[in-house]
Amino acid sequence: MDENQELRQEEINLMDLIFYCLEKWRWIVVVMIILAVLAGAYKYRGTVQENQAKQKEAEEALELAKAEEVDNKDVNDVKVDMQSVELYEQAIAENKAALDKQKEYMDTSAVMEMDPYHVSTGTLSYALDGTDHVDSLVASYNAYVSDGRMAESLHKAESDISVTDLRYLTSFSNSFTPLYKIGSGQGIEGSAPENTVFQIRLRMPDQSSCRKYLKAAHESIVAYSAELRAELGEHNLTLLASSQSESMDSDIKAYQDNTRTACITAVKNLQTLRTELDALKSTAVIPEQPDETGTIEIDLANPKTAAVKYAIVGLVLGVFAVCFVLMLMYMMGGKLRNTDNFNARFGMPLIGAVRTPGKKKKLFGFIDNLVLRLKEGAYASIGYEEQIKMAASNVQAAIARNSDGTLTKVMLAGTVAEKDAADLCARLSAELQGISLSPYMQIVYQSSALKDLENYDGVLFLEKKGTSDASLILQERKSASDRNVIILGAIVLY
């Protein structure tokens, strides 16, 4: 209990605390950014709401002022005029959106770019033998072409032309004619022929695209025919002919003319609506913001400027908040933070301090290196291997001081994880010739290691800054002292 009290009463090294905070600069930056964003967003939202409240108050004052000034029109006239303006603005927005879509279609449509006087037409002729359900099969093939499924299939095979244009450019025709006969009841009954012929026609900009899409159309019909065999029954579909020709197409010319005319009409309608809106605004009684000259001036705060100011305050608060938390962690964590006066605090000498090499490069690692050099000065330039050799030399000197050559077995113990001390233990074993070093053990956690302590001449503790608990270091040192084992000292990793 006295030892714990001594730890709590240990004076705080201010410089060590400052460097501890600097080493956590990433935490500081993250919290600064979060608080800055939250503070800025809060102020921005608050400023916008204040401006909206001021505008609402001004509008209410405006309505009262205009109610006294309007002589020829009453309040209902004002409301009607405002509603009319809103309807015109809505109609203009809708017409503009529709006009943009029309222009986009005209710019991208393959049909609109075709030369109607030189249209390449491809025709696929098929013979269909379907016994007693030819009518259902013809209707199915017609639906497949007309409802866009064939267009989607063609677009998957050749994506040069859109699905919308392919639906327009693809057509179906057939020679199916129902037959009628006199039934057993002397009534007229309908019957279907056992076979018929139908055609699929494709209109394309040129012969090359016509050949490609004719091939894709034939493959699509063949695939669909296989589906119909499973759904409606067996039937035979035979390709009779596949032909191409070039001709003038009046339907495409009329379609192009009608589309362009509709676009021109839409432009004129939009211009008319805008003219009528301007005329309405010039004659309507629409409230304005009156002051001495007929207007009301509202002093609105700039939400961006206010948000930036609060963001700066958030950055400053973030620094203080994180530093305060880090200070509490430093003071109350009970970890080994400072190696100054190590002998006085723990009753054993500090033999060496070894900086573990970084396993991976971190983002903005040069800042970490800068903090390290500011903290350690010239010692930061000493390499890891050299630090190990210096620590091993100090261990040899400690062994020589504490024995006359009879100390040959040394236990390596500590409170850090075994993986953190594994590399240091291996390198010490290679450097210390003639000394038998034990595997790394944790005598405060392992009863077997504590019992095995008596079999060694001395003990060397391996600790780590920021990880080892100060109270556990005192406990393991006391355990070694109680068993009359020579304590060589401690090597601290950081």
Side-chain angles (χ1 to χ4, degrees), residues 82-124 141-173 199-221 223-224 244-282:
M82 294 181 66
Q83 290 175 354
S84 300
V85 170
E86 292 176 355
L87 290 174
Y88 266 100
E89 291 176 344
Q90 182 179 356
I92 289 173
E94 292 175 353
N95 277 265
K96 187 178 184 305
L99 181 60
D100 292 340
K101 291 182 180 179
Q102 284 181 303
K103 290 181 178 178
E104 181 183 2
Y105 173 73
M106 292 175 63
D107 294 338
T108 59
S109 172
V111 178
M112 297 302 298
E113 295 177 357
M114 290 176 63
D115 181 3
Y117 298 99
H118 299 86
V119 177
S120 181
T121 304
T123 305
L124 295 173
Y141 282 110
N142 188 6
Y144 179 69
V145 176
S146 303
D147 62 12
R149 284 179 288 170
M150 171 171 273
E152 293 177 356
S153 176
L154 294 179
H155 183 70
K156 290 180 180 179
E158 301 288 343
S159 59
D160 298 340
I161 302 176
S162 66
V163 175
T164 303
D165 288 342
L166 286 173
R167 290 190 65 175
Y168 177 77
L169 296 173
T170 307
S171 60
F172 179 91
S173 63
Q199 292 181 334
I200 296 174
R201 188 174 65 151
L202 299 175
R203 293 172 292 177
M204 291 292 154
D206 51 60
Q207 293 184 357
S208 175
S209 60
C210 187
R211 282 194 298 271
K212 291 192 300 182
Y213 279 98
L214 274 179
K215 179 181 178 182
H218 176 64
E219 293 174 353
S220 177
I221 284 295
Y224 183 64
Q244 288 184 235
S245 63
E246 187 175 290
S247 62
M248 184 268 185
D249 195 311
S250 58
D251 290 341
I252 291 181
K253 186 177 186 307
Y255 177 82
Q256 292 175 342
D257 293 341
N258 292 336
T259 303
R260 294 189 181 99
T261 301
C263 185
I264 295 172
T265 303
V267 172
K268 292 181 178 179
N269 291 339
L270 183 60
Q271 292 174 346
T272 302
L273 287 172
R274 286 173 174 169
T275 303
E276 293 177 356
L277 176 61
D278 293 339
L280 178 62
K281 286 183 176 180
S282 64

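When reading the values below, keep in mind they use all heavy atoms of this one structure, side chains included, and skip hydrogens, waters and symmetry mates.
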Answer yes when R167 and D147 have at least one side-chain N-carboxylate O distance shorter than 4.0 Å, and no when they do not.
no

Could you check if a side-chain atom of M114 sits within less than 4.5 angstrom of a side-chain atom of M204, using non-hydrogen atoms only?
no

Of all residues at least two apart in sequence or in a different chain, which pass the side chain to side chain donor-acceptor pair (under 3.5 Å) check with S220?
Y144, S153

Show me the side-chain donor-acceptor pairs of residues 258-271 shorter than 3.5 Å, one per line, residues at least two apart or across chains.
{"unit_1": "N258", "atom_1": "ND2", "unit_2": "A254", "atom_2": "O", "d": "3.1"}
{"unit_1": "T259", "atom_1": "OG1", "unit_2": "Y255", "atom_2": "O", "d": "2.8"}
{"unit_1": "T261", "atom_1": "OG1", "unit_2": "D257", "atom_2": "O", "d": "2.7"}
{"unit_1": "T265", "atom_1": "OG1", "unit_2": "T261", "atom_2": "O", "d": "2.8"}
{"unit_1": "N269", "atom_1": "ND2", "unit_2": "T265", "atom_2": "O", "d": "3.3"}

Could you tell me which residues satisfy side chain to side chain contact (heavy atoms under 4.5 Å, CB included) with E104, sequence neighbours excluded, listed by chain and number?
none

Mind checking salt bridge (charged side-chain N to carboxylate O under 4.0 Å, His left out) for D251 and listing every partner two or more places apart, or none if nothing turns up?
none

R203: which residues meet the side chain to side chain donor-acceptor pair (under 3.5 Å) condition with it, sequence neighbours left out?
D249

For the pair Q244 and S120, evaluate side chain to side chain contact (heavy atoms under 4.5 Å, CB included) and give the outcome as yes or no after the intermediate values.
CA-CA 7 Å; Q244 288 184 235; S120 181; 3.9 Å; yes

Measuring from M112:CE to I252:CD1, what's the distance to the nearest 0.5 Å?
11.0 Å

With rounding to the nearest 0.5 Å, note down the distance linking NE2 in H155 to OH in Y213.
7.5 Å

Restricting to side chain to side chain contact (heavy atoms under 4.5 Å, CB included), what partner residues turn up for E113, sequence neighbours left out?
none

Test of understanding: with side chain to side chain donor-acceptor pair (under 3.5 Å), list the residues that count as partners of E276, not counting sequence neighbours.
Y88

L202 versus L124: any side-chain heavy-atom pair under 4.5 Å?
no

Side-chain heavy atoms of L277 within contact of E89, under 4.5 Å
yes

For D100, check salt bridge (charged side-chain N to carboxylate O under 4.0 Å, His left out) against everything at least two apart and list the hits.
K96

Non-hydrogen side-chain atoms of T121 and S245 separated by less than 4.5 Å:
yes

For A93, give me all partners under side chain to side chain contact (heavy atoms under 4.5 Å, CB included), at least two apart in sequence or on another chain.
none

The side chain to side chain donor-acceptor pair (under 3.5 Å) partners of S109 (sequence neighbours excluded) come to Y105, D165

Can you name the ring-ring contact (aromatic ring centres under 6.0 Å, His included) partners of Y117, sequence neighbours left out?
none

Check salt bridge (charged side-chain N to carboxylate O under 4.0 Å, His left out) between E219 and all other residues, then give those that pass, not counting sequence neighbours.
none

